[in-house]
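Take a look at the structure below.
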Amino acid sequence: MSRTPKGGRRKLDSSVPPAYDVPTREPRIESPRTVRLIMVLTFLAWVVGTVGAGTAVVAVDSPTWVERPSAALLMVVFTIGLTHRGGGFMRIWLPLATLLGLLAVVLETNMLLAASAAVTAVLAAVWAVLVTRPASSVIGAMREYIVTLVVALSGTLAVAAWNAPVNYQRFNLAVLIVALGLAITLVWNLGAGLHGLGRQHFLILAGIAAVVVLVLVYSSFVRSNGSQSLVRAIDEAVIWMRTHIDGVPRPVEVFVGFPALIVGVSLRSRRREGWWVQVFAVIGTGVLATSLVTPGAFPTYIGLSTLYSAILGLIVGMIIRHQVMKVRSERAARAIEDIVRVEPPRFAPLK
């Protein structure tokens, strides 16, 4: 005796995970053993470079000549990681980065040191964002958050180790502009064009852009045209935080860069257009990477400021993530099961 299926709306089946939605090129190295060896050597180079560059910030008994070669080594590692992740041409960008690092270490001219520090900051800021993976859970989003901060902090040490004579304001602005432009170019090449944005994601993107403009423009406007009482109140608040908690959170990281990272990796678990939100995380990683470029910067103050910014940015990001990722209606939840989007592994090319 056969059973007839019960009536009612049939739920769309998403039990079979979809394939990655961007074509990737064939591996240049076919031997898995060789690939693993290269990855291990690159990781060891990153560790050695980070430890060596850290001697420029932490007071340890080590020769000063270690600092700039370590920074050059990290610049090469960042070049390898970003070129490989973004599907670029290693035979072009790796020799250029290596040549720039060698010239800066050997000649030590101001122009070469400033250029090397800027390139290092840009590569670290962008790779810290691209090395992440989609995260469908809160724990996963926090994991990607930590990975990004670790990579960006290694870039901070590398920039400090270059000890380049630069103007902080101009250097920071140049790094942010170039890093954001590079990130937008890479995301566009991944196929996440604006044509794929839905109404909700477009509103999120527009909201983040508005916050960026508001934070940057309003801060400059207050400093130049604000009332004396408002400027005095801001200065007093900064002095109080420096005196009592030894650090000041950076608003552009708390309200823009770090929340964009949390929301971006979460949205990428459903749609590749989540990259357009995450691209603004480069602002946070860029500010972090350039925070110690001035030789007179106090590492303890910068470190605590980064810690406070990371904690507050995580809280803001989780609040926004909760609103963005929640199911809009019970009817939508009944219509289709949650689809978890897949991407290549962390150290595999995205394209």
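Tyr168 pairs by the ring-ring contact (aromatic ring centres under 6.0 Å, His included) definition with nothing, not counting sequence neighbours. Residues satisfying the ring-ring contact (aromatic ring centres under 6.0 Å, His included) criterion with Trp46, sequence neighbours excluded, are Phe43. By the side-chain contact (heavy atoms from CB on, under 4.5 Å) test, Ile319 is found to be paired with Ile315, residues two or more places apart in sequence or in another chain being considered.
Gly286 and Asn172 make their closest contact through O-OD1, 4.3 Å (heavy atoms, listed as atom of the first residue, atom of the second, distance). Between Phe347 and Met39, the shortest heavy-atom distance links the atoms CB-CE, 3.6 Å. Listed here is the closest heavy atom pair of Gly264 and Gln278: C-OE1, 3.6 Å. Ser70 and Ala53 get closest at one heavy-atom pair: CB-N, 3.4 Å. The two residues Ile283 and Leu176 come nearest to each other via the heavy atoms O-CD2, 3.7 Å. Taking all atoms of both residues into account, the shortest heavy-atom contact from Ala179 to Val282 is CB-CG1, 3.4 Å.
Thr294 places no side-chain N or O within donor-acceptor distance of the main-chain N or O of Ala297, the cut-off being under 3.5 Å. Side-chain N or O atoms of Thr285 include none that pairs as donor or acceptor with a backbone N or O of Ala152 at under 3.5 Å. At least one donor-acceptor pair closer than 3.5 Å links the side chain of Thr148 to the backbone N or O of Ala128. Remark: the backbone N or O of Trp240 is paired with a side-chain donor or acceptor of His244 at under 3.5 angstrom. Using modelled atom types, one side-chain atom of Arg68 and one backbone atom of Trp162 make a donor-acceptor pair closer than 3.5 Å. Under a 3.5 Å cut-off, the side chain of Ser309 and the backbone N or O of Val254 do not form any donor-acceptor pair.
For the side-chain hydrogen bond (donor to acceptor under 3.5 Å, both in side chains) with Thr132, the qualifying choice from Glu343, Arg346, Arg268, Arg143 is Arg268, the only one to do so. Results of the side chain to side chain contact (heavy atoms under 4.5 Å, CB included) test with Leu288 over Ile302, Leu149, Val159, Val151 single out Leu149 as the only residue that passes.
The aromatic rings of Trp127 and Phe78 are tilted relative to each other, their planes meeting at an angle between 30° and 60°.
Annotation for Met142: atom CE does not count as buried by contact number, only 12 or fewer foreign heavy atoms lying within 6.0 Å. Heavy-atom neighbours of Tyr301 OH from other residues, nucleotides or ligands within 6.0 Å: above the threshold of 12. Around CE of Met111, the count of heavy atoms belonging to other residues, nucleotides or ligands within 6.0 Å does not exceed 12.
To the nearest 0.5 angstrom, Met90 atom CE is 9.0 Å from Thr79 atom OG1. Note that the CD1 atom of Ile92 and the OG1 atom of Thr83 stand 9.5 Å from one another [nearest 0.5 Å]. Rounding to the nearest 0.5 Å places CD1 of Ile262 at 5.0 Å from CG of Leu314. Of the inter-residue distances, the one linking Leu304 atom CG with Asp246 atom CG reads 6.0 Å to the nearest 0.5 angstrom. Taken from CG in Leu180 to CD1 in Ile184, the straight-line distance is 4.0 Å, to the nearest 0.5 Å. A distance of 10.5 Å separates OH in Tyr308 from CE in Met241, rounded to the nearest 0.5 Å.
Under the 4.5 Å side-chain contact rule for hydrophobic residues, Val293 and Met75 share a cluster. Cluster annotation: Ile38 is connected to Val77 through the hydrophobic network of ILVMFWY side chains, with a link wherever side-chain heavy atoms come within less than 4.5 Å. Both Val122 and Leu99 belong to a common hydrophobic cluster when Ile, Leu, Val, Met, Phe, Trp and Tyr are linked at side-chain heavy-atom distances under 4.5 angstrom. Linking ILVMFWY side-chain heavy atoms closer than 4.5 Å, directly or via other members, places Val279 and Leu261 in two distinct hydrophobic clusters. Taking hydrophobic clusters as Ile, Leu, Val, Met, Phe, Trp and Tyr residues chained together by side-chain heavy-atom distances below 4.5 Å, Trp188 shares a cluster with Val129.
No side-chain donor-acceptor contact under 3.5 Å links Ser269 and Arg133.
Val138 has its side chain within reach of Arg321: a pair of non-hydrogen atoms, C-beta onward, lies under 4.5 Å apart. Leu94 has its side chain within reach of Ile80: a pair of non-hydrogen atoms, C-beta onward, lies under 4.5 Å apart.
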- Show the numbers, then the answer: is there a side chain to side chain contact (heavy atoms under 4.5 Å, CB included) between Thr55 and Glu67? CA-CA 7 Å; Thr55 60; Glu67 299 172 3; 3.7 Å; yes
- Task: Take Thr156 and Thr306 through the side chain to side chain contact (heavy atoms under 4.5 Å, CB included) test and state the conclusion after the steps.
- Result: CA-CA 11 Å; Thr156 306; Thr306 301; over 6 Å; no
- Item | Candidate pair Val316 and Phe258, rule side chain to side chain contact (heavy atoms under 4.5 Å, CB included), full reasoning | CA-CA 8 Å; Val316 173; Phe258 294 161; over 6 Å; no
- Worked verdict on Trp275 versus Leu350 for side chain to side chain contact (heavy atoms under 4.5 Å, CB included): CA-CA 12 Å; Trp275 276 114; Leu350 289 169; 3.8 Å; yes
